[in-house]
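Okay, structure first, notes after.
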Amino acid sequence: MSKLIQVIEDDEAIRDVIEYILQQSEFEVNVAANAREFKINLFNTLPDLILMDVKLPDGDGIQLCKQLKQSLDTRHIPVIIMSAHAPAEASSKEASADDFISKPFDLNELLKRIEAQLA
Amino acid sequence: MGKEENLTDYRVGFLKGADECTKVIRSIDWNQTSLGAPNNWPQSLKTTLSILLSAKVPMALFWGPEYIQFHNDSYVSELSWETRHEAKIGQAAADSHTRNWPCIKPLVDLVIADGEGLYIEDLSFNFCYSAVVDETDSVAGVIITYLDSSSKTGDVSNAEERLRMASDATGIGSWDIDLNCNSITYTPTLMELLGMDRDDRLTLEEINALTHPNDKSITDSALMCALETGYYHCESRIVWLDDSVHWMSSTGKVIYDEYEFPSRLLGTTVDITENKIEQMEKNDFIAIASHELKTPLTSIKAYVQMLKSGRRLDDPDYVINLATRAESQVNRMTKLIYSFLDMSRIESGHVDLQMEPFMLDDLISEVVKDYMIHTSTHALLFSPGIAEKIEGDRSRIGQVIDNLVSNAIKYSPLSKMVEISSMTVGEEAIVSIKDYGIGIDHKHQSKVFERFYRADDQKARNAVGFGIGLYLSADIMKRHNGGIWIESAPGEGTTFHFSLPLSRS
């Protein structure tokens, strides 16, 4: 069975392109444009990996990651944080994120990082 | 004739005095000069000299066609910057008064010609020139009385006082710390900089306690550095009693005692809060701008990589779709870059408007249609209501509408609708853009049109956008003699309105 990846990204263009690429690589993909949609998705199904933007219109990816890593139900799920804001790398480490990828990223690099977390 | 003989000879009348200058006059062999022996001098000269030699203010006399010079002890002690005085008494001024004579002679000549006195003010002395009339009723000599003027302008304490007043006027606080007993003296301006009354008295300890807790290490290390290098420089925050934070820049110099130990630290402090805030806003702006530019770049890079991979290139729809998406992101970046340029144009005052009459509702419809193509998250409802043309720069006003619509979408992620309406009220066209988003609380509402402003709370901070859109919009409205304002309640949504004069003339 293919792995399920949850993407949280508020920029529509980036969200669409990530969804397409992951589907091409035979992943199942759930997308959310904001923190609220993400929480609804999470309530329905726990993904195998979470790929998350930092700046969300209704929340902060770093804070969300902290919450995920503190909860017994979700702490085992690898979280990759992506951001165009360089200082976010340090704060994503503090939030116990499993990896960080800076925007703009290379598609192959993104897939490599995802596969490394799922291996 | 020997000197002793002279002394006895001239120890008469006006030459009896025991002062140094009288002694010099007595020691001179006057028979060798054009004036001859003192007992044969005209009474006017004798009387003048008796006044001059006993006067306690510096005085000098220039007598006769050769300007023979006389002066008193007071002149010698007060005008010590002059050359040796013994050489001057009894000599022609042109020979003896080497340093100042070229300046004095024209004035002396003027007094001799007019017979009237002169009063000249200078930095350290005021000069009083008086004519001496001899027995033939002509001006035979000129007395110069030197009056000390330093009590008014010149002395050191006065200079310090003036410097202090100047620094006070420019908001510079001066201070002097005694490093041995850890005490401080300062000007009243320092107290003002610390948020106190000018007359307040604080100890060094109390002043140090006002330093922001996070900056204590900075001020400590600045002091350590000063003790090593002799120079003090520190930028740190001060917390006023009302909890407001102010940036101070202090510069100082260490004064050493005779054993080369640091004994005092002299320095000045100025408030640099405005500069600091501007600097931080600029840094914020660069961070936000680079984030905003990287976002479209991320999807453009992805589209290009997908095309480069060579997959599905035989499917024209796929290729056209990717290229169209890439193009729209390139347009987005272009818009961003133009708004940076607009901003610098505003700052330098170079905004030109291309005024023309046009239908505002048509422009709004164009912007709305464009958004409907690219936006899947929100429905845009437009209710037009302006039948008349307005006069303005069509593309600039389009920019304002675009900005307000994009904000409405951006700041209402959980709602699905943005409502736009237009109407005529009196001589004005009013356009309203309403969203049902996160809203802005009252205290932030007046600030949203400021440069770099973004709501400080977590929710808004993480929303995309960089606070120059509303600043640009407000500037464009101002240039059209229009207005822009906001109605908002947190959690309920925001309505932006702008107004433009109708073109009825």
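These numbers come from the heavy atoms of this one structure, side chains and all, not from hydrogens, waters or symmetry mates. Letters A, B, ... are given to chains in the order of the sequence lines, protein chains preceding strands, and every chain is numbered from 1.
- Heavy-atom contacts from other residues, nucleotides or ligands closer than 6.0 Å to CZ of R311(B) number 12 or fewer.
- Taking a 6.0 Å sphere around NE2 of H442(B), one finds it holds 12 or fewer heavy atoms contributed by other residues, nucleotides or ligands.
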Do any side-chain atoms of residues 27-41 of chain A form donor-acceptor pairs under 3.5 angstrom with protein atoms, and if so which ones, sequence neighbours left out?
unit_1	atom_1	unit_2	atom_2	d
N34(A)	OD1	R36(A)	N	3.2
N34(A)	OD1	E37(A)	N	2.9
E37(A)	OE1	A33(A)	N	2.9
N41(A)	ND2	Q6(A)	OE1	3.3
N41(A)	ND2	V31(A)	O	3.3

Could you give the side-chain donor-acceptor pairs of residues 101-109 of chain A under 3.5 Å, partners two or more places apart or in another chain?
unit_1	atom_1	unit_2	atom_2	d
K103(A)	NZ	E9(A)	OE1	2.7
K103(A)	NZ	D53(A)	OD1	3.2
D106(A)	OD1	N108(A)	N	2.9
D106(A)	OD1	E109(A)	N	3.3
D106(A)	OD1	Q305(B)	NE2	3.4
D106(A)	OD2	Q305(B)	NE2	2.8
E109(A)	OE2	R113(A)	NE	2.8
E109(A)	OE2	R113(A)	NH2	3.4

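- A salt bridge links D11(A) with R332(B): the distance from a Lys NZ or Arg NE/NH1/NH2 to an Asp or Glu carboxylate oxygen falls below 4.0 Å.
- Taking 4.0 Å as the cut-off between side-chain N and carboxylate O, D16(A) and R325(B) count as a salt-bridged pair.
- No more than 12 heavy atoms of other residues, nucleotides or ligands shown are found within 6.0 angstrom of NZ on K112(A).
- Only the side chain of I21(A) comes within contact range of chain B, with at least one heavy atom under 4.5 Å from a heavy atom of that chain.
- Here the closest heavy-atom approach between residue Q329(B) and residue A13(A) is recorded as NE2-CB, 3.2 Å.
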Candidate pair E12(A) and S376(B), rule side-chain hydrogen bond (donor to acceptor under 3.5 Å, both in side chains), full reasoning
CA-CA 9 Å; E12(A) 199 179 353; S376(B) 61; 2.5 Å; yes
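- Of the inter-residue distances, the one linking Y20(A) atom OH with Y318(B) atom OH reads 3.5 Å to the nearest 0.5 angstrom.
- Proximity to chain A is absent for every atom of S309(B), based on heavy atoms less than 4.5 angstrom apart.
- A perpendicular orientation is assigned to the rings of H85(A) and H291(B), their planes being inclined by more than 60° (bins at 30° and 60°).
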